[in-house]
Visitor: 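Supplied in structure tokens, the structure appears directly below.
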Amino acid sequence: MNKKIRLHPFDILGGMRRYLFILVVPLVRGFGTAGGGVNAWIKGAWIDLAALTVIVALGVFRWKRSYVTVTETSVRYTRGLILRYTDIYIVGHISTIRLTRPLYIRPFRAAVVKLYSLGKTRREFRPLILPLDRAEELCAFLSSGRPCGFCGGGRVAVKPDYADVAFTSAASSTIIGGIAFLYALLSNLGQLLGASLAGQGYGVFASVARFFAFGMPPVLLMVPLGVLLLYFLAFLQKLSTYYHITITRGRDTLGVAGGLFGKYQYALRAPAISSVDFRCRLLLRLFKRYSAVIGIPGYGGGGFMPVLIPSAPLFGNVREQRKLLPEFNGYYCPLRPDEKSFRLNNALPFAALAFCFAAAAAAGGVWLRGFKTFAVVWGSVFSAWFSWVAVNKAYAAPRTGLGFHKKHLCAMYESRRVFHRVILPKDKIVAISTRQDPIQRHRGTCRVDIYERGIRAKRHRVYAMPFRTVKENIDGMCREAE
């Protein structure tokens, strides 16, 4: 293939942003005529129109001189007016191809293509706004000309049902995500609906809190209601992201497609996948639900969890993973910590903090009359939070371990209230480090950090591992690599 592809005319808007500095001219002219009234401003309005015309013309000229050249071995993106730039990327080093169709460009039959390569790069591949048919043609060629991921098909296909998508959305939703979604929603609608809507919304929220307070101060319930509202917004945003998600497997390509408002399609090189992570949260273990995610540059991020299987019981997850990625195996972790000492070192400090905040809330409710509500509310919130962290740390004691297999390494650990079981091929591990404090040296244990290959070397941290056994297995890995 040797073809030149023109960008979509929607790219003109992106080119115009580079010349917005020209607006300084009408801005200075406006300050100069500030004291002359409306007539003086109208007389010089031609300067404003000329500046806008120049910006649009430069954007159009830049778009006309920008194009993508695709050959069998490289992708070249050429752009610029006076200074011409050409970025050359090697096809064999591209690990992930992403094609997205945001809601605002779908009526124009345009798509955004972005490529990711293995390892760290000083400059990422710039997003390309292409006509939809050209974008699909480019992505199909870069994914070895196979339909997997972009035209539907592939040898194996996994399409989870709506219950699995709901469980995945619930597991990956956070309050921070709800805040980001609410901010984006209000920033887009605030100017249209006016500031009075915010006051009305606050009044409705306060009345709901009073209704459920049963005589208690409304502020006691506004905090948990706010948390629930933000979580619900994040849940809705995740639900639209994982809507109709489908994972397919070709010979050496993994395809992912889905989305409700913003459509997305990925083509992932299976040999570039560096890990498979079976993860769940404590509450979802009641439903025996795990999510399988993969590690590869360019897949995931920006609130999107890089899922392989959105949600399923653990053995169902393993069965589907073996269909899509049979290269990954080895789930057993024979190296385990001493559960009693693990709970004492990891769960007990958070339980002590929870007790301290509960005592502070009780003391503030008795003695601090002026700050009684503040002390009780926030003391209770922090006490509940640290109690929940302590429960997760204690629950992680029998679910922590390491397993050194012939071609893979398996690690089980808890991080940020999420329980992980990660399979790492040994050729995808870039570094392993151990750490011992004086107490660990006395007990013969250590903390193990495992770094997998990627744009950002992801760290997997396992606590309270037997130092001597870990050292012997690491030495064996080094001898095998020689």
Side-chain angles (χ1 to χ4, degrees), residues 75 89 91-103 105-106 110-118 121 124-130 132-160 164-165 168-169 172 238 240-277 291-311 320-321 323-325 327-328 453-456 458:
V75 177
Y89 298 88
V91 172
H93 294 166
I94 294 175
S95 62
T96 303
I97 308 162
R98 186 182 72 182
L99 186 150
T100 55
R101 297 179 62 195
L103 188 62
I105 66 173
R106 285 172 64 182
V112 181
V113 176
K114 190 169 183 181
L115 310 179
Y116 298 86
S117 60
L118 294 171
T121 55
E124 290 187 350
F125 194 93
R126 299 174 182 271
L128 303 175
I129 303 179
L130 302 174
L132 180 59
D133 54 348
R134 297 296 186 185
E136 291 180 344
E137 180 183 359
L138 172 63
C139 294
F141 166 72
L142 293 178
S143 57
S144 301
R146 299 180 182 86
C148 175
F150 292 100
C151 304
R155 295 187 307 176
V156 180
V158 174
K159 187 174 183 179
D164 293 337
V165 172
T168 304
S169 303
S172 58
K238 294 290 185 181
S240 65
T241 301
Y242 301 121
Y243 178 77
H244 272 321
I245 187 170
T246 304
I247 301 96
T248 56
R249 173 66 191 263
R251 186 169 63 182
D252 57 359
T253 307
L254 199 69
V256 183
L260 178 59
F261 301 112
K263 301 290 185 179
Y264 58 84
Q265 293 174 307
Y266 288 88
L268 316 172
R269 287 184 58 233
I273 297 175
S274 58
S275 66
V276 175
D277 182 3
S291 296
V293 305
I294 56 178
I296 184 172
Y299 182 48
F304 179 77
M305 189 168 67
V307 294
L308 178 68
I309 294 95
S311 180
E320 299 295 339
Q321 176 259 315
K323 291 180 182 178
L324 294 170
L325 290 174
E327 304 93 335
F328 289 80
R453 187 184 68 184
I455 293 180
R456 299 178 181 89
K458 185 178 180 180

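Just so it is clear, the model here is predicted, and its values are computed rather than measured. Sequence positions, counted from 1, serve as the residue numbers for this chain.
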Visitor: Do you know which two heavy atoms are closest between Ser274 and Ile296, and how far apart they sit?
Guide: OG-N, 4.5 Å

Visitor: Could you state the interatomic distance from CG (Asp277) to CD1 (Ile294), rounded to the nearest 0.5 Å?
Guide: 11.0 Å

Visitor: Roughly how far, to the nearest 0.5 Å, is CG of Leu128 from CG of Leu138?
Guide: 7.5 Å

Visitor: Report the distance from atom CZ of Arg249 to atom OG1 of Thr253, rounding to the nearest 0.5 Å.
Guide: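 The CZ atom of Arg249 sits 8.0 Å away from the OG1 atom of Thr253.
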
Visitor: How long is the straight-line distance from OH of Tyr266 back to SG of Cys139, given to the nearest 0.5 Å?
Guide: 11.5 Å

Visitor: I need the Glu327 CD to Ile273 CD1 distance, nearest 0.5 Å.
Guide: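 Reported to 0.5 Å precision, the distance equals 7.5 Å.
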
Visitor: Would you say that Arg106 contacts Leu132 through its side chain, given a criterion of any heavy-atom pair below 4.5 Å between the two side chains?
Guide: no

Visitor: Give, for atom OG1 of Thr100 and atom CD of Gln265, the distance between the pair rounded to the nearest 0.5 Å.
Guide: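 Taking OG1 in Thr100 and CD in Gln265, the distance rounds to 9.5 Å.
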
Visitor: Looking at every heavy atom in both Leu325 and Ala270, which two are closest together, and how far apart are they?
Guide: CD2-CB, 4.4 Å

Visitor: With a 3.5 Å distance limit and no angle check, can you tell me whether Glu136 reaches the backbone of Leu99 through a side-chain donor-acceptor pair?
Guide: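 Side chain of Glu136 to backbone of Leu99, a donor-acceptor pair under 3.5 Å: no, none is there.
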
